[in-house]
Amino acid sequence: MNSKHLHALWPTLVAAALLPASASAQFNNEWVSFHKDNSKLSGPSSLGLTDNEEKDYAWGDVDQDGWTDLICVRKTPFTSTGHRVNVLFMNEGGVLVNRTSLYATASDVPGDNGFDTPTNDRDVVLFDADNDGWLDIITATTLSIGTPKEVSHPRIYMNLGNDTGGNWLGFRYEAGRIPQLMAAGSPASPKFCSVDAGDVTGDGFADLYFGDYDSGSSTGSDLNDRLFINDGTGHFTDESALRMTTQMLSSAFGNSVAIRDFNQDGANDILKDTSLNAPTYVAISYNDPSNEGYFNIFHNFHGNAPYHTSTGDLNNDGREDVVISDDGSDRYRYNTGIDAFGRVVWSSDKTFSFVTGGDDGFASNNLIVDLDGDGWKDILICDVDVDIGGCERRTHIYHNPGGAVGSQPTLKEEAQQSNGGWRGVKGMSAADLRGTHDVAVFDLDNDGDMDMIFGLCDGTDVWLNDLNTPGGDPTTPYCFGDGTGAACPCGANGAAGAGCMSTIGTGVTLSGSGLTSLANDTLQLSVSGAPLNKPGLLLRGNNQVANPVGDGIICAAGGSMRSHVQVTSGGVSTFSDFNGSAFGTVANAGGVPTYFQFWYRDPANTCSGAGFNFSNGVGVTYTP
């Protein structure tokens, strides 16, 4: 088939392809858009871009330069005893630079190297331990039986502030600030999995609560949760048994804790989840406002199989709501008021809504944050279970559509289309979201919107929010013939992220790079994996479709094409000048989605005998 024949055939194919469009009206709600830019992470690759260890994040402006910095604590994945070094990423003008050796290796223990001492840290929080105005670091260490206290116990890194010349001095690990824990009259090694900081005594100084992992303890002793009280100088004592009951402190697998004023009586309460073995629930220990610092009511309000919680105001009524990761379906519950005993009255446990697909089981860290800047907080739920191995699931990002203050919005995972494209947020495919330990969300580049750092099983990715990014949305691949999109003719699936199977046994991939700005016109599209020395056409359409045609799937329809393209070198070719005359009279328009796809001759392919095939599609939304 030559280009003339395809010109004649394409309108007919497009008409057929567009028939089901009205049924897909609920798709492609581009509520917020991100693009990946891993140039924003600098330092040794094994501690950043290719880091394959379990990661947990905390973030804040630790040097008070106006840029948010990132703390990354690391361990071997899942329930393991492997110890790893931690990383301090300083934000230097919008780039996260590994400055561990410069700012985070000081210690008051001989032979200890701060962050460069391998530890088994499962959680980390930034807080001001001594009220000097500088953020300090507390970690929750786990599974370190038989190691010295400095390695087995939670570690505090004190922020040293500035010297007299205004130069930031970094962090120093100070072992004496955390007490030696005891069990049955002997020194014990805790197995903490979570920590939070907050003032529970009302004296203005942050205290610490740790969630315990005691299932299968090899020592025969059970520490359970611990409440550490701040003496006002950033030194802590264990006052757990003095202030809380045994029931309040009992945990099997204490994945997350939170110190918040849930019933709005002026005293901070403690929320925890415990899972894996009995006890299994989410509960709040309520602080007694008439005897602040002592907890008098325990309320177990949620069951199922909880594996992490986060709190935040989801409906703008001023109350703390809760999100709960679960081995089954993840949930969220609204705080609707207070009962006669001073406990929160929770809404029913709600499951999330999906445009397509559904919850894929085990999950872990979750986060409540406003991604699109509309004043309504959205939700991210990571997919990697902290206990059981597996990186095959994916993170879910749920959109809060808002509504009346105090209502109960249904949070939904948006999607581009049922058989592929972006998931959750525009710009991220299912593959981008797969295998996530934790996500840090903050304004990395100081442009006023929330960016994301994904800690993955096989590395780290930086995703920049396009809400306030000059140049607008990046390209978005979609319509894959690798089994995740529409069915290929003859079942001839291609490689991951590509079109349907070609003669050379992979399928052709179309990808994009550059800014999609009409003014700058830096967009480039690249074809890879194409059969050599065969004619091809680059198609541009106004409509997104996914219908089998020939040996592949047509994904872009209703536009024009660039003729006389022939891939001759290594199966790769690059195209540019999309805002010029390359597509004749069809011009790109700012804010209007545009779709591209590569058509190529492949007469040796024996699938359907049609002799031609297609790559995946790439979507573009231009800005002025």
Side-chain angles (χ1 to χ4, degrees), residues 3 6 10 17 35-36 416-417 419-422 426-432 473-486 488 492-516 522-532 534-578 582-583 588 593-602 605 612-622:
S3 61
L6 184 61
W10 200 20
H35 70 277
K36 184 163 67 174
Q416 185 175 18
Q417 56 187 5
N419 55 5
W422 58 262
K426 185 176 185 290
M428 300 188 76
S429 69
D432 294 320
D473 296 344
T475 59
T476 304
Y478 72 101
C479 189
F480 303 110
D482 60 3
T484 63
C488 291
N493 295 339
C500 297
M501 185 72 74
S502 64
T503 298
I504 60 175
T506 56
V508 174
T509 300
L510 183 66
S511 60
S513 63
L515 296 175
T516 53
T522 62
L523 173 66
Q524 287 190 328
L525 294 178
S526 297
V527 172
S528 60
L532 298 182
K534 301 298 180 185
L537 299 169
L538 190 66
L539 312 181
R540 176 203 179 279
N542 300 321
N543 302 308
Q544 179 187 118
V545 296
N547 278 46
V549 176
D551 290 340
I553 305 170
I554 188 168
C555 308
S560 60
M561 62 189 70
R562 175 180 287 185
S563 302
H564 313 303
V565 172
Q566 185 163 296
V567 177
T568 59
S569 175
V572 176
S573 189
T574 301
F575 313 105
S576 57
D577 189 29
F578 294 100
F583 285 96
N588 299 309
T594 301
Y595 305 98
F596 294 95
Q597 186 175 28
F598 186 68
W599 171 94
Y600 60 98
R601 287 276 294 169
D602 195 9
N605 193 349
F612 66 90
N613 205 333
F614 297 90
S615 72
N616 61 286
V618 166
V620 175
T621 301
Y622 284 88

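- Looking at every heavy atom in both residues, A530 comes nearest to F598 through CB-CE2, 4.4 Å.
- The minimum heavy-atom distance between Q416 and Y595, with the atom names listed, is NE2-CE2, 4.4 Å.
- For the pair D602 (side chain) and S502 (backbone), a donor-acceptor distance under 3.5 Å is absent.
- Rounding to the nearest 0.5 Å places CG of L539 at 8.0 Å from OG of S615.
- Between V549 and F612 there is a side-chain heavy-atom pair separated by less than 4.5 Å.
- Checking each of V545, L537, L538, I554 against Q597 for a side chain to side chain contact (heavy atoms under 4.5 Å, CB included) leaves exactly one that passes, namely I554.
- In this structure, CZ in F596 is found 6.0 Å from CZ in R540, a value given to the nearest 0.5 Å.
- Across all non-hydrogen atoms, the minimal contact from R601 to W599 is CG-CH2, 3.5 Å.
- Evaluation of the side chain to side chain donor-acceptor pair (under 3.5 Å) rule for N613 yields Y600 as partners, not counting sequence neighbours.
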For L510 and V508: C-alpha separation, side-chain torsions, deciding distance, then whether side-chain contact (heavy atoms from CB on, under 4.5 Å) applies.
CA-CA 7 Å; L510 183 66; V508 174; over 6 Å; no

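- Between A556 and G541, the shortest heavy-atom contact is CB-N, 4.1 Å.
- The distance from the SG atom of C479 to the CD1 atom of I553 is 5.0 Å, given to the nearest 0.5 Å.
- Judged as a side chain to side chain contact (heavy atoms under 4.5 Å, CB included), and not counting sequence neighbours, the contacts of D432 are K36, M428, S429, W463.
- Between the SG atom of C555 and the CZ atom of F614 there is a distance of 8.0 Å, given to the nearest 0.5 Å.
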